[in-house]
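Here the structure is laid out as structure tokens; the discussion comes afterwards.
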Amino acid sequence: MPRTPRVPAGKRPRPLTALSLALALCAAGFAAWAGEDWYEAAHDDRSAYAAERDEALAAGEQAVQNLNTLDHRDLDHGLDLWESSTTGELREQLASGRKQFAEQVKAAKTVTTARVLSGAVTELDDRAGRARVLVALRVTVKASDGAKTEKDSRMFGELTRTKSQWRLSALGQAPVGGASAG
């Protein structure tokens, strides 16, 4: 009967140990690669730009909605909201015409509400703190006799970043259909 050679106890091949070591090295390599990828993504200018764009869009949509919503029964709140949503020359125009406008709305006894249908940032200069948005909204006007009218419109808004947030600095009607802008 042939004899099998004896391998000393300390020199036996250990396939499980070698496999475990190989798997651990692969896992460490993957973790290093994933960590580097995550770090690059977290510090990428594109993600900061996208976040700024999303912030400008949300502020623009809200401001356009605010400026198209007003209830004659709670004018001060509505007009305060208009002013807090704006900055610059637009804010000055609203503040200077506030009293006259309030008198007109009180006399008409209307309730105007707006709902944003969609919006998009058309330009963004995050370094200069300027953005432009296009917002589609549905405006509902309820007259004192209960009659309601709805109108869909598109508005161009210019935003300026202030210390605390984006605010509307200009607002105008966007052309619809075949109408030209200028």
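From a predicted model like this one, the values you see are computed outputs, not experimental measurements.
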When rounded to the nearest 0.5 angstrom, what is the spacing between CG in Asp76 and CG in Leu81?
12.5 Å

Of the non-hydrogen atoms in Leu168 and Gly157, which two are nearest, and what is the gap between them?
CD1-CA, 3.9 Å

Transitive ILVMFWY side-chain link Leu94 to Val135, under 4.5 Å:
yes

Count the heavy atoms of every other residue, nucleotide or ligand shown that sit under 6.0 Å from CD of Glu89, and state whether that count exceeds 12.
no

Salt bridge present between Asp125 and Arg130 (N-O < 4.0 angstrom):
no

Look only at the side chain of Asp37 and the backbone of Trp33, and say whether a donor-acceptor pair between them is shorter than 3.5 Å.
no

Taking C-beta and beyond as the side chain, do Val139 and Glu150 meet within less than 4.5 Å on heavy atoms?
no

To the nearest 0.5 Å, what is the distance between NZ (Lys106) and NE2 (His72)?
11.0 Å

Side-chain donor/acceptor of Thr160 to backbone N/O of Arg167, under 3.5 Å
no

Are Leu90 and Phe101 co-members of a hydrophobic cluster defined by side-chain heavy atoms under 4.5 Å apart?
yes

Check the pair Val133 / Leu159 against side chain to side chain contact (heavy atoms under 4.5 Å, CB included), numbers first and verdict last.
CA-CA 8 Å; Val133 293; Leu159 300 165; 3.8 Å; yes

How far apart are the closest heavy atoms of Ala56 and Ala131, and which atoms are they?
CB-CB, 4.2 Å

Salt bridge check: are Arg161 and Glu52 linked by an N-O gap of less than 4.0 Å?
yes

Approximate separation, where rounding is to 0.5 Å, of Arg154 CZ and Leu117 CG:
12.0 Å

Is the side chain of Tyr49 donor-acceptor paired with the backbone N or O of Leu124 at a distance under 3.5 Å, no angle test?
yes

Nearest heavy atoms of Ala59 and Trp166, plus distance in Å:
CB-CB, 3.6 Å

Which is it for Arg98 and Glu83 under the salt bridge (Lys or Arg N to Asp or Glu O under 4.0 Å) test, yes or no, and what are the steps along the way?
CA-CA 10 Å; Arg98 180 178 175 135; Glu83 289 183 32; 3.1 Å; yes

To the nearest 0.5 Å, what is the distance between CG on Leu67 and OG1 on Thr86?
6.5 Å

Nearest 0.5 Å please: distance from the NE2 atom of His77 over to the OG atom of Ser84.
8.5 Å

Treating Ile, Leu, Val, Met, Phe, Trp and Tyr as nodes and any side-chain heavy-atom pair under 4.5 angstrom as an edge, say whether Val141 and Val105 lie in one connected cluster.
yes

So Leu137 and Val64, side chain to side chain contact (heavy atoms under 4.5 Å, CB included) or not? Walk me through it.
CA-CA 9 Å; Leu137 57 137; Val64 170; 3.4 Å; yes

Are the side chain of Thr69 and the backbone N or O of Ala114 linked by a donor-acceptor pair below 3.5 Å?
yes

Single-linkage hydrophobic cluster Val121~Met155, side-chain heavy atoms < 4.5 angstrom:
yes

Hydrophobic clusters here meaning ILVMFWY residues chained together by side-chain heavy-atom distances under 4.5 Å, can you tell me if Val111 and Val116 are in one?
no

Verify, without hydrogens or angle tests, whether Trp82 (side chain) and Asn66 (backbone) share a donor-acceptor contact under 3.5 angstrom.
yes

First locate atom OG1 of Thr113, then atom CZ of Arg138, and finally report the distance between them rounded to the nearest 0.5 Å.
11.0 Å

